[in-house]
**Q** 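Structure provided below as structure tokens; questions to follow.
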Amino acid sequence: MTDEEGDVVATGDLMAAARAGDGAAFRALTGPYRAELQVHCYRMLGSFQDAEDALQDTLLAAWQGIGAFQERSSLRTWLYRIATNRCLNARRAAGRRRAKEWDVPDVEPPEPSRLGEVVWLQPCPDALLEQAPPGPEARYEQRESVSLAFLTALQLLPPRQVAVLVLRDVLGFRATETARMLDTTADSVNSALARARAALERRRPTGRSPAPGSADEEAIVARFAHAWESADVDALVRLLTDDVFISMPPIPFEYVGRAVAGRFCADIFAAGRRFDLVPTRANGQPAFGAYLRGTDGSSHGTGLYVLSLAGERISALARFESTVLPWFGLPRTLPSR
């Protein structure tokens, strides 16, 4: 018996056991797909927490329905069908898009801007994203398909267009497969895909960012960290593009432009506030855990900063709440300096 034949037999045995109610067999069957399904849910929903909930709903539905699975498609395709429809239900659910109150003390909030409606956006650790590369027929590179700009653009599309674009252009499913997953026709899928592509193309970033881990990226990131930790507003402003965009989900405010961003940074560092930064990566982008230095010498986590780069400048900075720090293996506090 060849290795391939042995794998088929082993999978068949696991399927039979799972249908008979063997939870361990079910976990062995679905385990290889957990990470990519979670990333799929994250792309669909834009929220790391919502993606985890959708993944659990998907696995529960698969466990309950495994007895009726007739293997007309692969197990992976069947799981994606369940996950996609669970995410579509979540996208339609009321109450998901909740904004929070402004929470930056002694800093004047800006006027709401045109992009403030994506208040549910959350970052995702690169460690998870690397376990779910795009399909071989993907239209997008791995880094672009998980970037915050891409995730934001997806959230502004109608739910069905999001599903079609992710299934076709990120995961590489054929139009007929996608149509079966969504209980529609291939013509309908192709029509929705054309509209989704056009909408995303209008929002696609124009600047080319340095390659992850490259000397160019490391140089920009190091300059940002030094300027932020030393509260050097002038140095920070020199690093920004003219149309830099600063957002703070789930707070529905943004700062747009170097001058306004500079005033925001100056307000942040007012009254002697100083920060320590711990590097990490989120959404294929450089990121930092931010810690406010206390009078006792320790530093307390205040958030996660994710940088978007364009050429040799920073084109966007997203600040997320400190509750996301554990997702990146970062502590709530740093010991005394």
Side-chain angles (χ1 to χ4, degrees), residues 1-45 47-94 96 128 131-138 154 158-193:
M1 180 184 294
T2 65
D3 290 342
E4 184 175 339
E5 289 170 336
D7 290 343
V8 171
V9 171
T11 300
D13 290 344
L14 286 173
M15 183 64 73
R19 284 172 170 158
D22 187 333
F26 176 79
R27 289 189 292 274
L29 279 173
T30 58
Y33 307 111
R34 285 182 63 99
E36 62 176 286
L37 287 170
Q38 185 173 356
V39 174
H40 174 58
C41 293
Y42 174 64
R43 286 193 181 100
M44 290 279 297
L45 301 174
S47 162
F48 188 75
Q49 291 175 314
D50 288 352
E52 288 187 323
D53 292 343
L55 174 64
Q56 295 307 315
D57 288 346
T58 296
L59 294 175
L60 177 59
W63 169 245
Q64 294 172 338
I66 192 72
F69 175 49
Q70 299 178 358
E71 300 186 62
R72 293 174 180 170
S73 65
S74 68
L75 177 65
R76 177 177 181 267
T77 298
W78 182 64
L79 291 171
Y80 267 101
R81 174 182 179 137
I82 297 172
T84 300
N85 284 284
R86 289 299 182 278
C87 289
L88 287 173
N89 290 339
R91 292 268 313 222
R92 299 184 186 109
R96 194 171 72 85
L128 175 63
Q131 299 178 55
E137 304 300 322
L154 283 182
R160 185 57 65 97
Q161 288 185 27
V162 174
V164 168
L165 186 132
V166 171
L167 291 171
R168 294 280 286 117
D169 281 357
V170 176
L171 296 169
F173 284 105
R174 296 188 298 272
T176 52
E177 293 176 306
T178 302
R180 284 194 293 270
M181 290 184 191
L182 300 175
D183 293 321
T184 187
T185 65
D187 286 344
S188 177
V189 164
N190 290 331
S191 176
L193 181 61

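Small disclaimer: the values here were computed from a predicted structure and weren't measured.
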**Q** Might you point out which heavy atoms bring Ala186 and Ala179 nearest each other, and give the distance in Å?
**A** N-CB, 3.7 Å

**Q** Let me know which of Gln38, His40, Arg86 forms a side chain to side chain contact (heavy atoms under 4.5 Å, CB included) with Thr58.
**A** Arg86

**Q** I'd like to know if Arg81 and Asp183 make a salt bridge, using a cut-off of under 4.0 Å between side-chain N and carboxylate O.
**A** yes

**Q** Does Arg180 reach the side chain of Arg72, with side-chain heavy atoms less than 4.5 Å apart?
**A** no

**Q** Going from CG on Leu45 to CG on Leu88, what distance comes out if it is rounded to the nearest 0.5 angstrom?
**A** 9.0 Å

**Q** Go through the structure and list residues passing salt bridge (charged side-chain N to carboxylate O under 4.0 Å, His left out) with Arg174, not counting sequence neighbours.
**A** Glu177

**Q** Is the backbone N or O of Met44 less than 3.5 Å from a side-chain atom of Asp50, with the two atoms forming a donor-acceptor pair by type?
**A** no

**Q** Hey, are Thr77 and Ser74 close enough side-chain-wise for a donor-acceptor pair under 3.5 Å?
**A** yes

**Q** Can you list the steps and then say if Gln131 with Val39 is a side-chain contact (heavy atoms from CB on, under 4.5 Å)?
**A** CA-CA 9 Å; Gln131 299 178 55; Val39 174; over 6 Å; no

**Q** Any sub-3.5 Å donor-acceptor pair from Ser191's side-chain atoms to Asp187's backbone N or O?
**A** no

**Q** Please enumerate all residues that pass salt bridge (charged side-chain N to carboxylate O under 4.0 Å, His left out) together with Arg19, with sequence neighbours excluded.
**A** Glu71

**Q** Give me the ring orientation class for Tyr42 and Phe48: parallel if the planes are under 30° apart, tilted from 30 to 60°, perpendicular past 60°.
**A** perpendicular

